[in-house]
Amino acid sequence: MTAVLEVTLSWLLQNAKEHDDKLFYTTPAFTQSPAPCIAVTAPECGPNNSVLSVEYTADGAGKFPSLRWEAPADIADQVQEWLLVSEDPDAPLPMPICHGIFGGINATKTSVAAGDFEIEDRSKALLKGGFHYGQTRRGVPYIPPRPLMNHGPHRYFYEVVALKEPLDPSLLSSTASREQIADAIVGKVLGWGMWVGIAERKWE
């Protein structure tokens, strides 16, 4: 897409943003856990709502931000597995863009780094971090942020979900969709938390 066309689209779709009511944590699985309770941090990027440096965007290396999280004491010993979702609710589409969905994260693993997201076994949708990746629009484990030029700041939500039951391994190895995972975790959510990074592209 040329810069002129991209900027024109941004102008036409300038009000098509903030689909927060359709983020992953608003799905039925979260009815009993409507508010975040898990502290999620991104040590290399800064506090919540920090601007992502170019190395974390499609204009750079497209690295996945290193994340750390900690469950509150009342659920920590009940966690059987973690789920991680990345999405952009500011994309000018009816639903947030799913930039990545990752399941089967071991209960003892409470951090991820960029190297964890390299493919280990494509036939099993398995990553080097020992967990599985789901379906994205581009058929890759993770789509780095690339908001429309001049569409203003986009927020990238990195949501960590604590599950009290592990997901079916056959589902995890099938490159499951966001919707399939959302259905599979109904009745299994203990709590969740998120970290948000900001990215913007300007035509200069």
Side-chain angles (χ1 to χ4, degrees), residues 1-7 9-10 13 17-20 23-25 36 38-70 82-93 96-106 109-122 125-161 175 178 192-204:
M1 184 185 301
T2 67
V4 172
L5 177 57
E6 193 169 339
V7 169
L9 278 173
S10 292
L13 301 170
K17 297 177 75 174
E18 299 183 1
H19 301 298
D20 296 34
L23 283 161
F24 189 77
Y25 63 78
I38 296 170
V40 183
T41 60
E44 297 173 357
C45 297
N48 200 38
N49 293 314
S50 290
V51 174
L52 293 166
S53 62
V54 68
E55 66 182 307
Y56 298 101
T57 73
D59 291 328
K63 290 172 55 180
F64 196 100
S66 294
L67 299 175
R68 295 177 184 170
W69 58 88
E70 183 177 0
W82 299 101
L83 176 69
L84 174 59
V85 183
S86 173
E87 52 188 346
D88 170 13
D90 295 318
L93 295 168
I97 287 181
C98 180
H99 283 255
I101 185 161
F102 309 97
I105 302 173
N106 193 286
K109 186 176 178 68
T110 55
S111 65
V112 291
D116 288 335
F117 297 87
E118 297 175 13
I119 295 175
E120 176 72 22
D121 186 342
R122 191 178 297 275
L126 182 66
L127 298 173
K128 289 187 176 178
F131 49 88
H132 299 265
Y133 63 92
Q135 193 178 114
T136 64
R137 292 161 58 90
R138 296 183 187 170
V140 295
Y142 175 63
I143 303 171
R146 189 190 181 280
L148 273 177
M149 197 177 295
N150 281 20
H151 196 242
H154 280 216
R155 296 162 300 150
Y156 294 86
F157 286 61
Y158 296 85
E159 302 151 55
V160 175
V161 185
T175 320
R178 177 185 186 271
W192 63 281
M194 65 184 177
W195 181 85
V196 180
I198 311 293
E200 182 177 10
R201 295 172 65 243
K202 297 180 180 180
W203 190 19
E204 299 179 7

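Worth knowing before you read on, the calculation uses all heavy atoms, side chains too, and leaves out hydrogens, waters and symmetry mates. All figures in this text were calculated on a predicted structure; none of them were measured in a lab.
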Trainee: How far apart are the C-alpha atoms of Asp88 and Arg155, what are their side-chain angles, what is the distance that settles it, and do they pass the salt bridge (charged side-chain N to carboxylate O under 4.0 Å, His left out) test?
Mentor: CA-CA 6 Å; Asp88 170 13; Arg155 296 162 300 150; over 6 Å; no

Trainee: Given side chains that start at C-beta, do those of Lys202 and Met149 come closer than 4.5 Å, heavy atoms only?
Mentor: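 When only atoms from C-beta onward are counted, Met149 and Lys202 do not touch, as no gap falls below 4.5 Å.
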
Trainee: How long is the straight-line distance from CD1 of Ile105 back to OG1 of Thr110, given to the nearest 0.5 Å?
Mentor: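 Here the interatomic distance stands at 10.5 Å.
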
Trainee: Out of Trp82, Phe117, Tyr158, which one pairs with Phe102 under the ring pair (Phe, Tyr, Trp, His ring centres under 6.0 Å) rule?
Mentor: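 Of all the options given, the one that passes is Phe117.
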
Trainee: Of all residues at least two apart in sequence or in a different chain, which pass the side-chain contact (heavy atoms from CB on, under 4.5 Å) check with Ala113?
Mentor: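 Once residues adjacent in sequence are excluded, the partners of Ala113 under the side-chain contact (heavy atoms from CB on, under 4.5 Å) criterion are Ser66, Asp116.
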
Trainee: Here's a test for you: under side chain to side chain contact (heavy atoms under 4.5 Å, CB included), which of Leu84, Thr136, Val85 qualifies with Ile101?
Mentor: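 It is Val85; the other options fail the test.
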
Trainee: Is any side-chain heavy atom of Leu127 closer than 4.5 Å to one of Pro141?
Mentor: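 Contact flag for Pro141/Leu127 side chains = yes.
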
Trainee: List the residues meeting salt bridge (charged side-chain N to carboxylate O under 4.0 Å, His left out) with Glu44, not counting sequence neighbours, and say none if there are none.
Mentor: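 With sequence neighbours excluded, Glu44 shows a salt bridge (charged side-chain N to carboxylate O under 4.0 Å, His left out) to no residue whatsoever.
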
Trainee: Taking Leu93's backbone N and O only, do any of them form a donor-acceptor pair with His19's side chain (distance below 3.5 Å, no angle check)?
Mentor: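 Yes: the side chain of His19 pairs with the backbone of Leu93.
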
Trainee: Could you give the distance from CD (Glu87) to CE (Met194), rounded to the nearest 0.5 Å?
Mentor: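 The CD atom of Glu87 sits 10.0 Å away from the CE atom of Met194.
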
Trainee: side-chain contact (heavy atoms from CB on, under 4.5 Å) for Phe24 and Trp192? Distances and angles first, verdict last.
Mentor: CA-CA 11 Å; Phe24 189 77; Trp192 63 281; over 6 Å; no

Trainee: Check side-chain contact (heavy atoms from CB on, under 4.5 Å) between Pro43 and all other residues, then give those that pass, not counting sequence neighbours.
Mentor: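 Residues passing side-chain contact (heavy atoms from CB on, under 4.5 Å) with Pro43: Thr41, Arg68.
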
Trainee: Looking at residues at least two apart in the chain, or sitting in another chain, which of them share a salt bridge (charged side-chain N to carboxylate O under 4.0 Å, His left out) with Glu55?
Mentor: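 Salt bridge (charged side-chain N to carboxylate O under 4.0 Å, His left out) list for Glu55, sorted by chain: Lys63.
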
Trainee: OG1/Thr57 to CD/Glu200 distance, rounded to the nearest 0.5 angstrom?
Mentor: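 If I round to the nearest 0.5 Å, the distance is 12.0 Å.
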
Trainee: Side chain of His99, backbone of Tyr142: donor and acceptor closer than 3.5 Å?
Mentor: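 It does not hold such a pair.
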
Trainee: Hey, mind stepping through Glu118 and Lys128 against salt bridge (charged side-chain N to carboxylate O under 4.0 Å, His left out) and telling me if it holds?
Mentor: CA-CA 6 Å; Glu118 297 175 13; Lys128 289 187 176 178; 3.2 Å; yes

Trainee: Report the residues that fulfil side-chain contact (heavy atoms from CB on, under 4.5 Å) with Glu70, sequence neighbours left out, ordered by chain and then residue number.
Mentor: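 Checked Glu70 against side-chain contact (heavy atoms from CB on, under 4.5 Å); zero matches.
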
Trainee: Output all residues satisfying side chain to side chain donor-acceptor pair (under 3.5 Å) with Asn49, sequence neighbours left out; order by chain, then residue number.
Mentor: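 For Asn49 there are no side chain to side chain donor-acceptor pair (under 3.5 Å) partners, ignoring immediate neighbours.
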
Trainee: Enter the distance from Tyr133:OH to Leu126:CG here, rounded to the nearest 0.5 Å.
Mentor: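 Taking OH in Tyr133 and CG in Leu126, the distance rounds to 9.0 Å.
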
Trainee: Is there a side-chain contact between Trp69 and Trp195 in this structure, where contact means two heavy atoms from C-beta onward sitting under 4.5 Å apart?
Mentor: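 Trp69 vs Trp195: side chains apart.
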
